[in-house]
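Keep in mind that the numbers below use all heavy atoms, side chains included, and drop hydrogens, waters and symmetry copies. The structure displayed is predicted, hence computed values, not measured ones.
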Amino acid sequence: MKTAVQKFGKFLSAMVMPNIGAFIAWGLITALFIEAGWLPNEQLASIQGPMLTYLLPILIAYQGGKMVGGDRGAVMAAIATVGVICGTDAKMLIGGMLMGPFAGLVIKKFDQAVDGKIPAGFEMLVNNFSVGIIGMILAIFGYYVIGPVMAGVLAFLSGGVAILIDHKLLPLVGIFIEPAKVLFLNNAINHGIFTPIGTEQALEAGKSIMYMIEANPGPGLGVLIAYWLFSKDKTTKSSAPGAIIIHFLGGIHEIYFPYVLMNPVVLIAPICASVVAILFYSMMGAGLVGPSSPGSIIAFMAVAPKGEQITVLLGVLIAAAVSFLVASPIIKMSGTKDLEEATSQMQNMKAQAKGTAAPAGGSGVGTVPSVVKKIVFSCDAGMGSSAMGATKFRNRIKPLNLGITVINTSVDNVPADADIVVCQEVLQERAKASGPQAHIITIGNFLADPNLDALYKTLEQRANGGGAAPAAAPEPAPAAEPAKTAKTDVIIKEGIKTGLASVTKEEAIQAAGELLHQLGYVNESYIPAMQERERTVSTYMGLGVAIPHGTAEAKGEVKKTGIVMLQYPDGVSFGEEKAYLVFGIAGIGDEHLDLLAKIGGIIEEEAQLEKLKTVTSPEEVLAMFQ
């Protein structure tokens with residue numbers, strides 16, 4: 001149930017998070033130009049009404065439709081949501097959250113139903129009119145049904161909040177908020193519930209306390225300061241100051257989650273702090289004019305109403321003080337887990353929130369099926385890691401002549417005839433759901449892993465007549481195909497950088513993403529998706545090679561297929577390993593796979609790999625890929 005709730009919460013927040021900039025713009029316009037703002041201006045203040053009524057709900061719906069039905073789903077969602085907006089006087093942020101995915105699903109099902117049935121030459125006609133006609137129908141449905149119903153739901157939620165406020169019970173919400181953060185439900189609660197309710201309140205009163213409940217950086221700040229001053233573990237103590245900066249100024253609250261997980265009892269501290277802060281804000285009638293995202297003190301203060309900066313800041317400091325005072329004796333009196341262990345636990349919990357985590361322990365090779373015809377290497381997007389891993393393993397078992405097909409796919413698209421699925425441990429549950437018939441083998445990386453070696457030895461024994469039941473009977477070898485040459489525009493001289501100074505993993509991925517963007521391969525929004533992909537599942541391949549790329553959801557941000565190469569002679573730390581070659585990848589379809597296969601072939605030869613790590617000329621690198 002927890003995983004289901006987390007996945008639902010992730011979906012809700014995923015519709016809102018890409019549009020937070022628009023919420024902030026609306027909040028700033030409200031704070032600056034309304035009659036009670038910093039720079040009252042009746043003309044400019046008139047902008048905030050249409051933004052709230054039309055822009056924000058349509059943006060949310062557009063994102064939800066795109067997540068479910070791609071570009072056509074996004075357009076459908078925008079059309080249909082106009083009907084929802086016009087069907088009620090309430091502000092339909094929550095209506096957009098419902099109509100967006102629903103419209104995307106409708107057009108997706110339509111496209112599946114007509115796939116392969118449209119006469120040649122009529123594709124554009126059918127595609128355009130299907131969106132127009134179905135979109136019109138959904139807009140009418142939204143006007144008469146969705147709008148009024150969601151207005152009732154919003155009124156119910158707002159009424160519930162009003163009861164909590166009237167009866168002085170709102171501070172009790174803090175009891176649930178801090179545990180929800182550690183379970184990665186914070187964005188779902190903040191943007192799925194608090195933001196729509198807060199927006200309604202801000203429209204009437206010019207501010208809302210709902211924006212302050214989850215985003216307050218004070219509770220986490222107190223915990224981190226307590227660890228900094230009183231932790232008995234040197235690593236934890238030395239890491240806390242950096243975490244304080246990232247949390248308090250950067251607004252990345254999840255940085256303090258591992259510190260809570262080391263001593264779960266410490267969770268009492270941010271809970272108490274959140275309750276006291278909400279009580280203080282309630283007594284002072286405080287609020288923010290717009291959502292604070294991320295939860296940085298900078299963003300928090302930026303959307304404070306005119307004349308209330310001191311009150312808003314005091315609430316943060318009070319929360320930090322309470323959290324510090326409660327956490328300090330707990331930390332002094334109790335031992336802690338290793339911070340790295342707690343961080344790993346947090347990453348697995350985050351992966352569960354995304355529906356990607358494996359149960360503790362994972363699995364090794366185990367009992368390989370008696371008949372193996374197809375082995376599938378799977379990664380999150382099926383774009384890079386799995387492609388290179390499949391190429392290397394395919395070449396490795398080719399001399400065994402077992403007739404086994406080795407392919408790569410995204411972990412959510414495992415074919416029904418797969419006998420073995422090879423994936424990273426955190427993707428195990430998704431692999432099981434996608435290919436329940438297959439035997440799952442989990443690995444650390446795709447190029448050099450003990451479980452891959454064990455699988456190879458099992459297949460080698462079968463090829464030699466030993467071991468368990470034989471593998472699939474060898475099939476006639478297919479006719480040799482002409483050698484393929486990588487597309488000349490997939491990697492170009494300008495996309496190769498050699499002799500770079502060592503940086504952090506995040507900086508290397510950022511540099512690869514920026515280079516892909518500069519060369520016109522991707523939209524700029526693809527870069528954060530590369531960082532998100534790395535936080536969820538490492539793109540380190542083994543043998544000193546990493547191939548960062550975006551998440552499956554970010555494939556729509558790829559403009560054309562491209563690969564860039566960044567060479568770091570002194571290496572970049574990817575956890576316990578170092579990557580000397582960082583290949584940034586953006587792929588449409590299978591256009592980049594030939595080049596990945598070529599890279600995989602080079603990596604297999606130790607001398608070639610070492611040359612690639614030390615060569616100084618982009619021209620020499622290009623020559624190796626021809």
Side-chain angles (χ1 to χ4, degrees), residues 344 347-348 351 356-382 384-400 402 404-412 414-415 418-464 466-472 533-534 536-547 574-579 596 600 603-604 606 609:
S344 176
Q347 290 173 340
N348 190 52
T356 62
S363 69
V365 172
T367 303
V368 175
S370 59
V371 176
V372 179
K373 294 183 179 181
K374 179 175 285 187
I375 299 175
V376 177
F377 280 65
S378 292
C379 63
D380 181 60
S385 310
S386 59
M388 192 176 290
T391 297
K392 189 174 188 300
F393 197 75
R394 185 187 305 117
N395 292 338
R396 188 176 182 185
I397 68 170
K398 187 175 181 180
L400 301 180
L402 289 169
I404 297 175
T405 300
V406 181
I407 65 171
N408 71 285
T409 70
S410 117
V411 73
D412 296 315
V414 174
D419 300 303
I420 295 174
V421 174
V422 178
C423 64
Q424 288 159 299
E425 186 172 332
V426 296
L427 299 176
Q428 182 178 357
E429 285 303 301
R430 282 170 65 185
K432 285 181 177 179
S434 180
Q437 81 291 342
H439 177 71
I440 310 295
I441 295 177
T442 60
I443 57 174
N445 66 72
F446 282 100
L447 293 183
D449 189 272
N451 283 347
L452 285 178
D453 293 337
L455 175 60
Y456 173 79
K457 288 179 181 178
T458 299
L459 297 177
E460 184 181 41
Q461 289 175 355
R462 294 184 180 183
N464 295 328
R533 170 67 168 83
E534 186 63 35
T536 304
V537 186
S538 177
T539 56
Y540 179 77
M541 297 291 297
L543 304 178
V545 177
I547 54 170
F574 275 69
E576 297 179 357
E577 304 287 348
K578 278 195 171 184
L596 276 182
I603 290 171
E604 284 185 339
E606 186 175 349
L609 176 58

Would you check if [X] and [Y] make a side-chain contact, meaning some heavy-atom pair closer than 4.5 Å?
X: Leu543; Y: Lys392; value: yes
X: Val411; Y: Ser434; value: no
X: Ser378; Y: Val414; value: yes

Candidate pair Ile375 and Val422, rule side chain to side chain contact (heavy atoms under 4.5 Å, CB included), full reasoning: CA-CA 7 Å; Ile375 299 175; Val422 178; 4.1 Å; yes

Return the minimal non-hydrogen interatomic distance between [X] and [Y], and the atom names on each side.
X: Arg462; Y: Pro369; result: NH1-O, 2.6 Å
X: Ile407; Y: Ala390; result: O-CB, 3.7 Å
X: Tyr540; Y: Val545; result: CD1-O, 3.5 Å

Gap between atom [atom2] of [Y] and atom [atom1] of [X] - 0.5 Å precision:
X: Lys432; Y: Gln428; atom1: NZ; atom2: CD; result: 4.5 Å
X: Thr405; Y: Lys374; atom1: OG1; atom2: NZ; result: 6.0 Å
X: Ile441; Y: Ile420; atom1: CD1; atom2: CD1; result: 5.0 Å
X: Ile443; Y: Leu452; atom1: CD1; atom2: CG; result: 5.0 Å
X: Ile404; Y: Leu459; atom1: CD1; atom2: CG; result: 4.5 Å

Using only atom types and a distance under 3.5 Å, with no angle test, would you say the side chain of [X] pairs donor to acceptor with the backbone of [Y]?
X: Asp419; Y: Lys373; value: yes
X: Glu460; Y: Leu400; value: no
X: Gln437; Y: Ala418; value: yes

Might you work through the side chain to side chain contact (heavy atoms under 4.5 Å, CB included) test for Val372 and Thr458, ending with a clear yes or no? CA-CA 11 Å; Val372 179; Thr458 299; over 6 Å; no

Could you walk me through whether Cys423 and Ile440 satisfy the side chain to side chain contact (heavy atoms under 4.5 Å, CB included) test, starting with their C-alpha distance in whole Å, then the side-chain angles of each, then the deciding distance to 0.1 Å, before giving a yes or no? CA-CA 8 Å; Cys423 64; Ile440 310 295; 4.1 Å; yes

Relative to each other, are the rings of Phe377 and Phe393 parallel, tilted or perpendicular (30° and 60° limits)? tilted

